[in-house]
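This report refers to the structure that appears directly beneath it.
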Amino acid sequence: MLITRRLEFDAGHRIPDHKSQCRNLHGHRYAIEITLSGDIIQREGDSANGMVMDFSEVKALAQEHLVGVWDHAFLVYSGDTAVLDFLQSLPGHKTVVLDTPPTAENLAQEAFRILDALYRDAYGNRIRLERVRLYETPNCWADAVRG
């Protein structure tokens, strides 16, 4: 069985080498979809009976380890020194430094890396992360999938 939970967050970024407007500082209302596979729990009296995983728990883990960290932050590539230096000069600014440019593809891949171990077999029913879909806009997204 596959289940998916969608969450949304706001963040700023720029793609320093891009040839169009994306090289400028800007922001997005991102959406992330987390797809898990697993067996349906069949335990009478268990609050998760009939579920792969309680959607509220899928959300809570993603919120704590990813969405809450990235929400209202500026996602900056460590090699983008001009922007990184500026952001570090702002007291208390919420900045997330990444090893790669913050494209939709790289963000989806990083989100998959962060979330993968959090969901693995959470209920003893062979749960595992299958896909992270990261929407940069309503019409543009990237999928990081288990290989």
Side-chain angles (χ1 to χ4, degrees), residues 1-41 47-48 51-147:
M1 177 63 62
L2 295 174
I3 64 168
T4 301
R5 175 70 198 226
R6 178 183 172 103
L7 296 98
E8 297 181 357
F9 64 96
D10 298 293
H13 79 152
R14 87 170 188 133
I15 312 301
D17 296 327
H18 203 268
K19 302 298 182 226
S20 75
Q21 295 183 62
C22 291
R23 74 180 173 279
N24 298 314
L25 303 176
H26 65 285
H28 294 283
R29 175 71 174 173
Y30 289 96
I32 187 168
E33 292 178 354
I34 300 159
T35 300
L36 305 170
S37 66
D39 298 331
I40 297 173
I41 295 166
S47 68
M51 303 175 188
V52 171
M53 184 174 188
D54 188 317
F55 285 121
S56 67
E57 292 189 34
V58 176
K59 177 184 178 181
L61 285 170
Q63 184 68 37
E64 178 182 350
H65 296 277
L66 180 79
V67 174
V69 176
W70 290 5
D71 188 36
H72 284 80
F74 198 90
L75 311 176
V76 63
Y77 170 44
S78 60
D80 191 357
T81 55
V83 172
L84 184 56
D85 290 347
F86 167 70
L87 293 171
Q88 290 175 335
S89 76
L90 301 174
H93 189 272
K94 191 172 180 184
T95 303
V96 175
V97 182
L98 302 163
D99 292 334
T100 58
T103 61
E105 296 88 342
N106 286 334
L107 293 175
Q109 190 171 45
E110 178 66 4
F112 194 101
R113 186 194 66 74
I114 291 167
L115 297 173
D116 189 27
L118 299 175
Y119 295 111
R120 188 168 296 131
D121 208 19
Y123 289 144
N125 60 334
R126 302 184 320 175
I127 290 177
R128 71 180 199 166
L129 182 63
E130 295 294 339
R131 183 188 78 202
V132 169
R133 174 169 284 175
L134 184 93
Y135 288 86
E136 189 171 86
T137 71
N139 299 317
C140 301
W141 65 86
D143 288 334
V145 298
R146 181 166 300 287

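Worth knowing before you read on, the calculation uses all heavy atoms, side chains too, and leaves out hydrogens, waters and symmetry mates. Since the model is a prediction, treat every value here as computed from it, not as a measurement. Position 1 is the first residue of the sequence; numbering continues from there.
Atom-to-atom distance recorded for T103:OG1 and H13:NE2 is 8.5 Å, nearest 0.5 angstrom. Taking CZ of F9 as the start and NE2 of H28 as the end, the distance is 10.5 Å to the nearest 0.5 Å. With values rounded to the nearest 0.5 angstrom, D99 atom CG is found 7.5 Å from E110 atom CD. Remark: H65 NE2 to I114 CD1 distance equals 10.0 Å, nearest 0.5 Å. Taking CD1 from I127 and CG from D39, the interatomic distance works out to 9.0 Å, rounded to the nearest 0.5 Å. Taken to the nearest 0.5 Å, the CG atom of L107 stands 9.0 Å off from the CD1 atom of I32.
With salt bridges taken as basic N to acidic carboxylate O contacts below 4.0 Å, none links R5 and E33.
Contact record, Y119 with V58: OH-O, 2.7 Å, taken as the closest heavy-atom pair. Between A144 and A108, the shortest heavy-atom distance links the atoms CB-O, 3.5 Å. The minimum heavy-atom distance linking I41 with V52 is given by the pair CD1-O, 3.8 Å. Across F55 and T4, no two heavy atoms sit closer than the pair CE2-O, 3.5 Å. Nearest heavy atom pair, residue I3 against residue M53, reads CD1-O, 3.7 Å. The minimum heavy-atom distance between L115 and A62, with the atom names listed, is CD2-CA, 4.0 Å.
Looking only at side-chain heavy atoms (C-beta outward), L129 and I34 come within less than 4.5 Å of each other. Between H26 and Q21, every side-chain heavy-atom pair lies at or beyond the 4.5 Å cut-off. A 4.5 Å side-chain heavy-atom check between L134 and W141 finds every atom pair outside the cut-off. Contact check for E136 versus Y30: side-chain heavy atoms found under the 4.5 Å cut-off. In this structure, the side chains of Q88 and T95 stay at 4.5 Å or more apart for every pair of heavy atoms.
By the side-chain hydrogen bond (donor to acceptor under 3.5 Å, both in side chains) test, S89 is found to be paired with no residue, residues two or more places apart in sequence or in another chain being considered. Evaluation of the salt bridge (Lys or Arg N to Asp or Glu O under 4.0 Å) rule for E105 yields no partner, not counting sequence neighbours. Scanning for salt bridge (Lys or Arg N to Asp or Glu O under 4.0 Å) contacts around R14 gives D80, with sequence neighbours left out. Under the rule for a side chain to side chain contact (heavy atoms under 4.5 Å, CB included), the partners of M51 that lie at least two apart in sequence or sit in another chain are A48, D54. Not counting sequence neighbours, the partners of T100 by the side chain to side chain contact (heavy atoms under 4.5 Å, CB included) test are N106.
Counting only distance, with no hydrogens or angles, the side chain of R23 and the backbone of S20 share a donor-acceptor pair below 3.5 Å.
For CD of Q109, the number of neighbouring non-hydrogen atoms (other residues, nucleotides, ligands) closer than 6.0 Å is 12 at most. Remark: D17 CG is loosely packed, at most 12 non-hydrogen atoms of other residues, nucleotides or ligands lying under 6.0 Å away. Counting heavy-atom neighbours within 6.0 Å of R126 CZ, excluding the residue itself, gives a total of 12 or less.
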Throw together a table of side-chain donor-acceptor distances under 3.5 angstrom for residues 66-75, partners on residues two or more places apart or in other chains.
{"unit_1": "D71", "atom_1": "OD1", "unit_2": "D10", "atom_2": "N", "d": "2.9"}

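Between the side chains of S37 and E130, a donor-acceptor pair is found at a separation under 3.5 Å.
Each of V83, L98, V96 was scored for a side-chain contact (heavy atoms from CB on, under 4.5 Å) with V76, with one residue passing: V83.
Cation-pi geometry between R6 and Y135 is satisfied (NZ or CZ under 6.0 Å from the ring centre, within 45° of the ring normal).
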- Message: Does R133 form a side chain to side chain contact (heavy atoms under 4.5 Å, CB included) with T35? I'd like the steps, not just the answer.
- Response: CA-CA 8 Å; R133 174 169 284 175; T35 300; over 6 Å; no
